[in-house]
Amino acid sequence: MSSKESKSRDFDHLIEQNSTELTFLSAYGGLPNEATDSAAIFLAIKRFLTAGGVKFSESADTLDLDFGYVKIVDNGCKVHLKGKSLPLVASDLTQAGFVDGKLPVRKGSCTVTLQDWDIEQRRFIERVIEHLTH
């Protein structure tokens with residue numbers, strides 16, 4: 001036994017013990033999790049677009065759309081969409097699982113890297129695709 005053993009809890013232990021109580025942190029980018037699987041996110045987006053009837057051409061790491069692209073990058077899947085007055089606000093690109101979001105003032109394009117494929121990402125893609133294709 002050490003001469004003076006600490007009676008305080010370790011921060012990591014507290015995070016682990018109380019992780020179910022910290023879900024509100026997802027509004028600020030979430031808790032750190034396992035490494036992003038860019039290829040799996042890319043395939044999920046590809047299936048989602050195919051199911052929605054969106055036409056695209058494909059290479060090994062890129063889906064080219066009439067109104068943008070989806071590309072595998074080191075930290076996720078970069079999505080770039082362009083169109084007139086996109087139905088987005090800056091906070092749409094800062095949710096959990098979204099990084100490096102850029103939305104110009106005129107909303108003629110947006111770029112964001114998706115690091116997760118969950119309901120927020122599906123809603124984002126669905127909303128923009130619906131706006132651009134109808």
Side-chain angles (χ1 to χ4, degrees):
M1 214 178 217
S2 67
S3 62
K4 193 168 188 178
E5 191 172 324
S6 173
K7 293 186 180 189
S8 65
R9 292 185 178 172
D10 179 65
F11 181 69
D12 291 334
H13 175 74
L14 285 173
I15 293 287
E16 180 181 317
Q17 181 181 7
N18 298 300
S19 65
T20 57
E21 298 171 19
L22 298 174
T23 56
F24 71 92
L25 289 176
S26 67
Y28 302 100
L31 295 170
N33 57 5
E34 58 278 347
T36 299
D37 188 348
S38 301
I41 295 169
F42 181 80
L43 290 174
I45 294 171
K46 179 182 168 184
R47 284 190 307 270
F48 191 76
L49 294 173
T50 301
V54 176
K55 305 268 188 241
F56 56 85
S57 60
E58 177 181 3
S59 67
D61 66 349
T62 305
L63 301 176
D64 285 308
L65 312 164
D66 289 340
F67 44 83
Y69 64 84
V70 176
K71 181 174 180 56
I72 295 175
V73 294
D74 289 339
N75 62 337
C77 278
K78 184 176 188 174
V79 177
H80 174 77
L81 301 168
K82 54 188 174 192
K84 189 173 182 179
S85 190
L86 296 175
L88 300 171
V89 294
S91 63
D92 289 327
L93 307 178
T94 59
Q95 300 179 71
F98 293 77
V99 295
D100 302 328
K102 293 174 184 54
L103 181 66
V105 174
R106 294 185 185 206
K107 300 181 184 182
S109 68
C110 80
T111 305
V112 67
T113 300
L114 305 182
Q115 293 187 317
D116 197 4
W117 185 249
D118 206 350
I119 191 72
E120 292 87 6
Q121 289 77 22
R122 288 191 295 272
R123 283 184 188 150
F124 167 77
I125 296 285
E126 183 176 43
R127 187 172 65 198
V128 174
I129 298 295
E130 183 178 329
H131 174 77
L132 294 171
T133 59
H134 291 100

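Hydrogens, waters and symmetry mates play no part in the numbers below; they use all other heavy atoms, side chains included.
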Any idea which heavy atoms bring Val112 and Gly101 closest together, and the distance?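 The answer is CG2-CA, 3.9 Å.
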Heavy-atom closest pair, residues Cys110 and Leu103: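 Heavy atoms of Cys110 and Leu103 come nearest at CB-CD1, 3.8 Å.
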Who are the side-chain contact (heavy atoms from CB on, under 4.5 Å) partners of [X], not counting sequence neighbours?
X      : answer
Thr62  : Ser59, Asp64, Tyr69, Lys71
Arg127 : Pro87, Leu88, Asp92
Asp66  : none

[X] side, atom [atom1]; [Y] side, atom [atom2] - distance, nearest 0.5 Å:
X      : Y      : atom1 : atom2 : answer
Asp116 : Arg122 : CG    : CZ    : 9.0 Å
Ile125 : Glu120 : CD1   : CD    : 13.0 Å
Thr113 : Ile72  : OG1   : CD1   : 12.5 Å
Leu81  : His131 : CG    : NE2   : 10.5 Å
Phe42  : Trp117 : CZ    : CH2   : 12.0 Å

Main-chain N/O of Gly76 paired to Ser38 side chain as donor or acceptor, under 3.5 Å: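 It does hold such a pair.
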Just by distance, do the side chain of Gln115 and the backbone of Asn75 share a donor-acceptor pair under 3.5 Å?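 Looks like yes, one N/O pair under 3.5 Å.
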Per the side chain to side chain donor-acceptor pair (under 3.5 Å) rule, what does the pair list look like for residues 97-107, sequence neighbours excluded?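 Those involving residues 97-107 do not exist here.
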Side chains of Leu86 and Leu132: does their closest heavy-atom pair fall under 4.5 Å?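 Of all side-chain heavy-atom pairs linking Leu132 with Leu86, at least one is under 4.5 Å.
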Considering residues at least two apart in sequence or located in another chain, which fulfil the side-chain hydrogen bond (donor to acceptor under 3.5 Å, both in side chains) criterion with His80?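 Testing His80 for side-chain hydrogen bond (donor to acceptor under 3.5 Å, both in side chains), a comparison that skips the adjacent residues, returns Thr111.
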What about Phe56 and Leu114, same hydrophobic cluster or not, with Ile/Leu/Val/Met/Phe/Trp/Tyr joined at side-chain heavy-atom distances under 4.5 Å?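 They do share one cluster, since a chain of ILVMFWY contacts under 4.5 Å joins Phe56 to Leu114.
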Side-chain donor-acceptor contacts of residues 44-51 below 3.5 Å, not counting sequence neighbours, with atom names and distances?
| unit_1 | atom_1 | unit_2 | atom_2 | d |
| --- | --- | --- | --- | --- |
| Lys46 | NZ | Glu58 | OE1 | 3.0 |
| Lys46 | NZ | Glu58 | OE2 | 2.9 |
| Thr50 | OG1 | Lys46 | O | 2.8 |

Name all pairs fulfilling the ring pair (Phe, Tyr, Trp, His ring centres under 6.0 Å) condition that reach into residues 87-110, sequence neighbours left out, sorted by first residue then second.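 Every ring pair (Phe, Tyr, Trp, His ring centres under 6.0 Å) pair that includes a residue of residues 87-110, provided the two are not neighbours, is Phe98-Phe124.
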Could you go through the side chain to side chain contact (heavy atoms under 4.5 Å, CB included) check for Thr133 and Phe67 one step at a time? CA-CA 9 Å; Thr133 59; Phe67 44 83; 3.9 Å; yes
